[in-house]
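Contents: one structure, followed by commentary.
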Amino acid sequence: MKKLLAPSILSSDFARLGEEVSSIKKAGADWIHVDVMDGHFVPNISLGIPVVEALGKADPPPMDIHLMIENPDYFAEKFIDAGGDAVQGITIQYETCKLLYSTMSRIKARGVSVGLALNPTTPLTVLEEVFDYLDMILVMTVEPGFPGQKFIQSMVPKVKRLREIIDGSEHKPLIEVDGGIKLDNIRLVADAGADVIVSGSGIFGTPDYAETISQMRSEIESS
Ligand code: DX5
Ligand code: ZN
């Protein structure tokens, strides 16, 4: 399968959000990654339901919503309502989801893909009981909370192990990798087996998004 690039809108210029959405779409983003942080699960507050609603109306690439919030059980569907048809998927964090099975089922019942994110220190073994229900597994390669952090190298073997598990299974969820990914390490992540690669500051922090995305794509394609 073609590997997908999902720039994280969190690193864009929020004063020009609509323009940033159209620039990143024109630049060739496959999805936009939308990082929602609540100041409880992570020590940062980013954007919430009204912004997701505005994004949904801005003709975005498919929205890949990453909920780093307490009580995703309650909020997941509110984000689907806000983003409307533009919502491709909702990813919830394993560490904060108390009613994982029912929340996954309700997301899927809305016709939206469901992802489960694992913090760096959360082992892959937690996937065992939910693996067959997941459309995507997100391996965090930084502690969630802030853009622009340093990629944790020791997460590469974790991504490789997950790739092996999926290759040996009948069910094939996508692997998404998120945190600290830039042009100089994107190939490492692609080689390890990522299907969807998130990059925030690595794209929005560069002057020419289209140029960065095309350079990233050639790194990925030659992986
Ligand atoms: C981290 C977020 C990431 C992050 C990506 O908490 O989930 O999506 O903002 O930004 P960079 O690529 O700058 O690490
Ligand atoms: Zn994210």
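We count ligands from 1, going down the list as the structure has it; atoms in each ligand are counted the same way.
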Below 3.5 Å, N or O to N or O, backbone or side chain included: is there any such pair between [X] and ligand 1?
X	value
G179	no
G202	no
K182	no
V198	no
Q149	no

Looking only at protein heavy atoms, which one is nearest to [atom], and how far off is it?
atom	result
atom 2 (C) of ligand 1	D35 OD1, 3.5 Å
atom 6 (O) of ligand 1	G145 N, 2.7 Å
atom 12 (O) of ligand 1	G200 N, 2.7 Å
atom 5 (C) of ligand 1	D178 OD1, 3.6 Å

[X] atom [atom1], neighbour heavy-atom count above 12 within 6.0 Å:
X	atom1	answer
Y74	OH	no
Y133	OH	no
Y94	OH	no
D184	CG	yes

With a cut-off of 4.0 Å, which atoms of ligand 1 are near a heavy atom of [X]?
X	value
M37	6 (O)
G180	11 (P), 12 (O), 14 (O)
H33	8 (O)
P144	6 (O)
S201	11 (P), 12 (O), 13 (O)
G148	11 (P), 13 (O), 14 (O)
M68	6 (O), 7 (O)
L10	9 (O)

Using a strict threshold of under 4.0 Å (side-chain N to carboxylate O), is an ion pair present between [Y] and [X]?
X	Y	answer
K78	D81	no
R217	D30	yes
D73	K98	no
K2	D195	no
D135	K108	yes

Please determine which of E170, R163, E164 meets the side-chain contact (heavy atoms from CB on, under 4.5 Å) test together with I166.
R163

Suppose we only allow N, O or S atoms; which atom of [X] ends up nearest to the Zn ion (ligand 2)?
X	result
D178	OD2
D35	OD1
H66	ND1

Least distance between heavy atoms, S46 atom then D35 atom
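Shortest heavy-atom contact: OG-O, 2.8 Å.
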
Taking all non-hydrogen atoms of both residues into account, name the closest pair between K3 and A194 and its distance.
NZ-O, 2.8 Å

Do any heavy atoms of M140 fall under 4.0 Å from ligand 1?
yes

Non-hydrogen atoms of S199 versus ligand 1: any pair closer than 4.0 Å?
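Yes, S199 has heavy atoms under 4.0 Å from ligand 1.
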
Counting N and O atoms only, with roles assigned by atom type, does the side chain of K150 sit under 3.5 Å from a partner on the main chain of G180, one being a donor and the other an acceptor?
no

